[in-house]
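To start, the structure under review is shown below, and the notes come after it.
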Amino acid sequence: MYKSNLSNSDAVDQEFMFWKRKWSVIKPEGRPNTLAKAIKICEKNQYPNLFELLKIICTLPVTSAECERSFSVMRRFRTWLKARLTADRLGSLAIMNIHYNKIVDYKQISKLFFTLHPKKLYEKV
């Protein structure tokens, strides 16, 4: 799947074999025990394919919790508000709910809203 990211995909097995052999003679406490440590120790010039694969592995999501949370938020809003919301407003409310722990300056947001939509200021609610 990631062959296009590798400089020589045929050499991956050999690089991995040399990498394993290199760390097999070192005591377990001296070996890298996390991907972050492994990528820091991996010499890019000596193991170019292994280095690229470590970078790819480090960027892959470990769980799907963030996606599942967003789906449950959307389901809650859809149930609560039914079809009265536009897709744009529904998406905005979902983002606000997902990122609930962010500090928001409501005065600045209202000022921006009424600058962009001056007619809304005078409409009846």
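Everything numeric in this text was worked out from a predicted model, so none of it was measured.
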Closest non-hydrogen contact found for N8 with N49 is O-ND2, 2.8 Å
Please check if F18 and F16 belong to a single hydrophobic cluster, counting links between Ile, Leu, Val, Met, Phe, Trp and Tyr side chain heavy atoms closer than 4.5 Å. yes
Kindly give the heavy-atom pair with the smallest separation between L54 and C42, and that separation in Å. CD1-CB, 4.0 Å
E43 atom CD, neighbour heavy-atom count above 12 within 6.0 Å: yes
If we only count heavy atoms from C-beta on, is the K55 to E52 side-chain gap below 4.5 Å? yes
Atom pair CZ (F51) and CH2 (W19), whose distance is rounded to the nearest 0.5 Å: 10.0 Å
What's the shortest heavy-atom distance between K22 and Y47, and which atoms? CD-OH, 3.7 Å
Verify same cluster id: I56, L50 (apolar side-chain graph, 4.5 Å): no
Is there a chain of hydrophobic side chains (I, L, V, M, F, W, Y, each step under 4.5 Å between heavy atoms) that links I41 to I39? no
Are V25 and M17 co-members of a hydrophobic cluster defined by side-chain heavy atoms under 4.5 Å apart? yes
On a heavy-atom basis, which atom in S24 and which in R31 lie closest, and how many Å separate them? O-NH2, 3.7 Å
